[in-house]
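Remarks on the structure that follows.
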Amino acid sequence: MAATPRADGVNSVEEEKDCDETFFLAFAFAMAFIHAGCGADKSTADTALPNSPTKASPLKAQSMKIRLKVEDKVMTATLIDSKTTRAFVSLLPLTLTMNDLFRREKFAHLPRPISEEGKRTHTYEVGQVVYWSPGRDVAIFYRNDGQKIPNPGIIVIGKIDSGVAALDVAGSVKVTIELHDKQ
């Protein structure tokens, strides 16, 4: 029986399957973000240009909270201090239709790209609010499936304080995001 040709550096059928699965997951993840038809409801989005002054507070994002409303459920999230987070806050308030991805996260396109100067990671925790720059998407993880995030990774901007289960529903949800009144 003739040997099956393998890609350079692949020594076994198991390694070849692992390479194929990794490629497929990365490809599927990228395509989902590129081709997803969600977007911001621009009627409530701040449409400031990237270099124009915004109404964002000069307060450190470290102590900032946002309020997220899904139907009649309200969650709060504590933001971390980074340029990416401050750029995200400059877009608020937003109403987004967030689509489901892999039954682990809800995501939506932001009205414009934001700073990519935050620390990138390839892992995530339930409740994290993140920025995925290739698709200019904000995402919130409501379940952990143990998979790694493909390159270039995600930038964490905050974490839901409680109630993330409100996102654990089939399909898309409409989410209103605004600065929390009590800072």
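Predicted model, so just to flag it, every value in this text is computed and none were measured. Hydrogens, waters and symmetry mates play no part in the numbers below; they use all other heavy atoms, side chains included.
- Checking side-chain atoms of N151 against main-chain N and O of G153 turns up no donor-acceptor pair under 3.5 Å.
- In this structure, CD1 on I155 lies 9.0 Å from OG1 on T85, to the nearest 0.5 angstrom.
- Between Y124 and N144 the shortest side-chain heavy-atom distance falls below 4.5 Å.
- For the pair W132 and P152, the tightest heavy-atom approach, listed with the atom from each and the gap, is CH2-CD, 3.9 Å.
- Each of T97, D100, N99 was evaluated against K106; a single residue qualifies, D100, per the side chain to side chain donor-acceptor pair (under 3.5 Å) test.
- Remark: S82 OG to K119 NZ distance equals 12.0 Å, nearest 0.5 Å.
- When every heavy atom of H109 is checked against every heavy atom of L96, the shortest pair comes out as O-CD2, 3.7 Å.
- Shortest non-hydrogen contact noted between V164 and F141 is CG2-O, 3.6 Å.
- Within 6.0 Å of atom NZ in K159, more than 12 heavy atoms from other residues, nucleotides or ligands are found, so the atom counts as buried in its surroundings.
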R120 vs T84, test: side-chain hydrogen bond (donor to acceptor under 3.5 Å, both in side chains). Steps then yes/no. CA-CA 11 Å; R120 291 191 183 272; T84 304; over 6 Å; no

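- When atom types are taken as modelled, the side chain of H180 and the backbone of M64 share no donor-acceptor pair closer than 3.5 angstrom.
- Using modelled atom types, one finds no donor on one side chain facing an acceptor on the other under 3.5 Å when comparing K65 with T76.
- Going from atom CD1 of I157 over to atom CG of L79 covers 6.5 Å, rounded to the nearest 0.5 Å.
- Within the 4.5 Å cutoff, the side chain of V175 has no heavy atoms near those of the T95 side chain.
- Between the CG atom of L68 and the NZ atom of K73 there is a distance of 14.0 Å, given to the nearest 0.5 Å.
- The two atoms that bring F88 and L94 nearest to each other are CE1-CD1, 4.4 Å, heavy atoms only.
- Side-chain atoms of Y142 and R103, non-hydrogen and from C-beta on, do get closer than 4.5 Å to each other.
- Looking at R136, its side chain does come within 3.5 Å of a backbone N or O of L110 through a donor-acceptor pair.
- Side-chain atoms of Y131 come within 3.5 Å of backbone N or O of I114 as a donor-acceptor pair.
- Closest non-hydrogen pair, S90 versus R112, comes out as OG-NH2, 3.0 Å.
- When all heavy atoms of I177 and I66 are compared, the pair lying nearest together is CG2-CD1, 3.9 Å.
- One hydrophobic cluster, built from ILVMFWY side chains closer than 4.5 Å, holds both I140 and V169.
- In terms of modelled atom types and a separation under 3.5 Å, the side chain of H122 and the main chain of I149 share a donor-acceptor contact.
- Atom CZ of R67 and atom CE of M75 lie 11.0 Å apart (nearest 0.5 Å).
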